[in-house]
Structure formats: structure tokens, C-alpha cells
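Notes follow once the structure below has been shown.
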There are 2 protein chains.
Amino acid sequence: MSLPSATGLGTDALAGRSRILDIAAALFVEQGYEATSLRQIADAVGMKAGSLYYHFASKDDLLTAVLDIGMEVMHTAFDAAELATVDASAGTRIEAHVRAHLAALYEHGPYTAAHVVTLRTAPAVVRAAVVPTRDAYEARWADLLASLQSAGDLDADIDLHVARLALFGAMNSSVEWFDPARGGLDEVAGTIAHQFWNGVAR
Amino acid sequence: MSLPSATGLGTDALAGRSRILDIAAALFVEQGYEATSLRQIADAVGMKAGSLYYHFASKDDLLTAVLDIGMEVMHTAFDAAELATVDASAGTRIEAHVRAHLAALYEHGPYTAAHVVTLRTAPAVVRAAVVPTRDAYEARWADLLASLQSAGDLDADIDLHVARLALFGAMNSSVEWFDPARGGLDEVAGTIAHQFWNGVAR
DNA sequence: GTCTATACCACGATAGAC
DNA sequence: GTCTATCGTGGTATAGAC
């Protein structure tokens with residue numbers, strides 16, 4: 001199972017629809033969905049605004065396509081982390097999943113980052129299309145943490161719901177301060193995972 | 001030093017400028033800045049769009065005013081937490097500050113939440129006006145953590161920059177999932193503080 | 001599959017009456 | 001301090017030529 005075509009290299013790299021998606025996702029992340037106009041996207045792609053409608057039925061539809069790809073990337077990353085750590089210790093599994101989540105945010109284009117940044121205030125139609133997949137992803141994390149807790153590896157007194165959302169907040173907030181171009185993703189992942197698992201107290 | 005007039009009860013509650021600020025802040029949080037129109041704000045306030053310009057020079061100016069109030073609330077909350085825990089243990093101080101930050105997010109209207117939600121993609125003029133105050137607030141946290149680290153209360157191996165940003169991410173993300181109307185702020189603050197300080201491992 | 005041209009609308013903002 | 005009325009701009013979206 002390969003990555004969505006928009007993020008991979010097709011018959012010729014960055015052509016047509018894929019190229020539009022790449023650029024739109026990047027602009028949505030930078031400026032937000034509402035603040036990004038179709039004219040601006042078309043400009044960056046190198047075409048006229050009207051031509052976008054050959055590929056997408058509406059601006060909302062374009063955002064939905066971007067977010068769908070983002071969610072597919074997240075699920076794929078989770079799969080891989082799960083497979084790679086079937087027999088590992090609880091701490092190792094957590095670290096692998098944190099690393100996978102962060103890698104998904106940055107290593108397959110701005111699709112997943114767009115998800116983090118735009119979903120909350122996205123138009124209702126878009127939310128309705130994307131939220132179920134998002135919930136499924138969150139449920140996988142919830143299950144992971146619950147299994148660690150019932151195995152006795154995770155503090156029994158912890159409110160798993162809040163703990164998970166706080167971890168998500170920590171990881172996802174990195175889109176505001178982490179610059180993938182400057183590198184250091186591994187260190188960030190290590191710090192966040194360690195902090196979540198062991199805390200910062202001496 | 002009292003809270004900004006917009007959040008307190010003036011000579012008559014929720015009048016004029018304060019009322020506009022309250023409602024605008026709430027709509028900005030719900031829908032985002034760009035997606036919220038002046039007509040919509042005016043509607044909710046009970047006046048016509050043009051009348052808003054008696055109180056604010058522009059939409060950007062209105063957002064700036066909202067965010068300024070939000071930052072003032074944050075600084076005030078930090079002051080109070082600092083005063084209340086001068087001689088306390090490191091863990092207690094952290095918990096007090098986490099609690100204060102979260103309380104600031106929810107107990108003085110949507111001003112601070114608006115900050116979290118809109119600042120990143122706000123127009124350049126707005127950012128230029130607000131970012132310095134935001135940076136000052138972040139610097140106070142950085143100083144707090146650095147002092148705990150040099151006192152030996154906080155793990156010397158931790159990257160304080162990433163740790164602080166991850167904590168901010170955890171706290172601020174609560175605007176996406178915590179409903180102040182349903183209560184439970186204290187528990188959430190406790191969980192996030194505990195998690196930051198001690199981790200979730202058993 | 002991309003173009004030009006344009007319809008139609010909502011936006012932020014202004015002017016002047018009251 | 002709020003109203004009505006309106007201006008100019010830029011937005012999404014459509015139609016039809018190429």
C-alpha cells in the first residue's frame with residue numbers, strides 16, 4: 001500500500017491535481033483556509049483561477065481533498081509504528097508512535113499540518129467529511145493508551161482522555177514552532193515522548 | 001490593578017465598546033478571524049456594521065484590541081501565581097502556573113482563547129502589535145523553568161525550549177476540547193501539570 | 001486541460017443625516 | 001452613538017472558446 005498519489009511521485013512529478021493539492025495545502029497552513037484565495041493558489045500553481053474547477057468542484061472540495069490525504073498519512077504512520085513495536089516495551093511503543101505522528105506532520109508535505117491548522121474552523125461540509133476519519137485516528141491512540149494502562153505500564157490514576165488530548169496538543173502545536181527545514185525532528189520527538197512518559201521533574 | 005474594563009463590570013454591564021469586544025472575541029474563537037464578518041458581529045451586538053467604526057478604526061484594530069486584552073489577562077494571571085507561590089516547592093509552583101494559565105484561558109471571557117486561535121495567521125499589522133507582549137509572556141515562563149532547572153528541581157537533560165513549547169501546546173490545545181461551561185477546569189489543570197512534571201508512566 | 005470573460009455577491013470601509 | 005446608503009474591491013464560481 002503506497003502513499004496517496006498526491007504525495008508521491010507519479011508518472012511525472014508534481015503534475016496536475018497533485019501539484020494543486022501540494023500548493024494549496026502549503027498556503028492553507030501558512031495563511032489559514034479563509035485567508036487563502038483561489039486566485040492566489042492558481043497563481044502559485046501557474047494557472048488561472050477558473051482552471052482549478054476542472055480539478056475540484058469547489059474551494060471546500062479542495063480543502064476536503066487536502067485533509068483526506070492528511071488523515072491517510074496519519075493512519076499509515078500509525079500502522080507502521082504499530083508493526084515496528086509489537087513486542088517492544090511500553091515506553092518504546094509510545095516513543096515510536098510519537099515519532100510517527102510527528103514524522104507524518106512534516107515528512108509528507110503540508111497535508112497533515114493543514115489538518116491540524118484548519119479543521120477546527122473549517123466549513124461544516126468539510127468537517128462532516130473529515131471528522132469521522134479523524135475520530136478513528138484518535139480512537140486508535142485511545143486504545144493504545146488504554147491497553148498500556150490496563151497492562152499496568154501507565155499510571156492507573158491518570159485521566160486517559162485528558163492525557164491523550166494534552167499529548168496531541170503538545171505534538172500538534174509543533175506546527176507553530178518547529179521548522180522541518182532546519183531539522184531536529186528526532187530530538188523533538190524524543191523530548192516530547194520522554195516528557196509525556198517520564199515528566200520533567202528531577 | 002483591576003482587570004481590563006472590557007472584562008469587568010463597568011458602570012452598566014456589557015455596554016458599548018466592551019460588549020462589542022466580548023462578542024467579537026467569542027466569534028473569532030468559534031469561527032476564526034477571516035471567517036467572521038463585521039456584519040455578523042454587528043448583528044450579534046444588535047447594531048449595524050457601520051456603527052462599529054465609531055468604536056474601532058478597522059477590523060484589524062478590533063482584533064488587536066481583543067488580543068491586547070487577552071495578553072493582559074495572561075500577564076495578570078502569571079503575576080498572581082508567582083505571588084502565591086514564592087516559597088513553595090517546584091512542583092507546586094508549576095501546578096499553580098498551569099492552573100493560572102488555564103484559568104486565564106476561560107475565566108475572563110474568550111479574549112485569551114482568541115489569542116491562541118487567531119494569532120498565528122493574523123494579519124501582519126495585528127501580529128506586529130501583539131507579538132512583543134506575547135513574547136514577554138513566554139519569556140516569563142522560560143525564566144521560571146530555567147530557574148527550576150538551575151536549582152536542580154528540573155531534569156538537567158531536558159531541552160527547556162521544546163519542553164516549554166510542548167507544555168504550551170498541551171495547555172492551549174484545550175480550547176479545542178475543553179468546555180468551560182461543563183466545568184472541570186481544576187481537574188484538567190491538575191492532570192496537565194502532573195503529566196508535565198511526573199509523566200504518565202507507572 | 002487551460003484560457004478569457006464575466007456574473008454575482010459579500011466584504012470592509014466611508015459619508016452624512018439624525 | 002447609531003443609522004442609512006453606498007462605494008470599491010476582491011471573493012467564488014460559471015460559460016464557452018480553444
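Residue numbering restarts at 1 for every chain, and letters A, B, ... go by the order of the sequence lines. FYI, side chains are in, hydrogens and waters are out, and symmetry mates aren't considered; it's all heavy atoms of this structure.
For residues 97-112 of chain A, the salt bridge (charged side-chain N to carboxylate O under 4.0 Å, His left out) pairs, not counting sequence neighbours, are A:Glu95-A:Arg99, A:Arg99-A:Asp186. For the salt bridge (charged side-chain N to carboxylate O under 4.0 Å, His left out) condition, no pair includes a residue of residues 53-67 of chain B, sequence neighbours left out. Pairs of residues two or more places apart, or lying in two chains, that qualify as side chain to side chain donor-acceptor pair (under 3.5 Å) and include a residue from residues 112-137 of chain A are A:His101-A:Tyr137, A:Tyr137-A:Trp141.
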Enumerate donor-acceptor pairs with a distance under 3.5 Å from any side-chain N or O in residues 37-54 of chain A to protein atoms, sequence neighbours excluded.
from    : atom 1 : to      : atom 2 : distance (Å)
A:Ser37 : OG     : A:Gln40 : N      : 3.1
A:Gln40 : NE2    : A:Gln31 : OE1    : 3.2
A:Ser51 : OG     : A:Lys48 : O      : 3.4

Per-pair distances, 0.1 Å, donor-acceptor, side chain in residues 158-169 of chain A, under 3.5 Å, sequence neighbours excluded:
from     : atom 1 : to       : atom 2 : distance (Å)
A:Asp159 : OD1    : A:His161 : N      : 3.0
A:Asp159 : OD1    : A:Val162 : N      : 3.3
A:Arg164 : NH2    : A:Glu138 : OE1    : 2.7

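Between A:Ile94 and A:Leu145 the shortest side-chain heavy-atom distance falls below 4.5 Å.
Distance A:Asp60 CG to D:dA13 C1': 12 Å, rounded to the nearest Å. A:Tyr53 places its OH atom 7 Å from the P atom of D:dT14, with the value rounded to the nearest Å. Atom CG in B:Leu52 sits roughly 13 Å away from atom P in C:dT14 (whole-Å rounding).
Taking a 4.0 Å limit (strictly below) on heavy-atom distances, residues 38-45 of chain B reaches DNA chain C at B:Leu38, B:Arg39.
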Could you list the protein-to-nucleotides 1-4 of chain C atom pairs, N/O on both sides, closer than 3.5 Å?
from  : atom 1 : to      : atom 2 : distance (Å)
C:dG1 : OP2    : A:Tyr54 : OH     : 2.6
C:dT2 : OP2    : A:His55 : NE2    : 2.7
C:dC3 : OP2    : A:Lys48 : N      : 2.6
C:dC3 : OP2    : A:Ser51 : OG     : 3.0

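The side chain of A:Ser37 contributes an N or O atom lying less than 4.0 Å from OP1 or OP2 of D:dG11.
Every residue two or more places apart in sequence or in another chain that forms a side chain to side chain donor-acceptor pair (under 3.5 Å) with A:Arg140 is listed here: A:His75, A:Asp79, A:Glu82. Residues passing the ring pair (Phe, Tyr, Trp, His ring centres under 6.0 Å) test with B:Phe28, sequence neighbours excluded: B:Tyr33.
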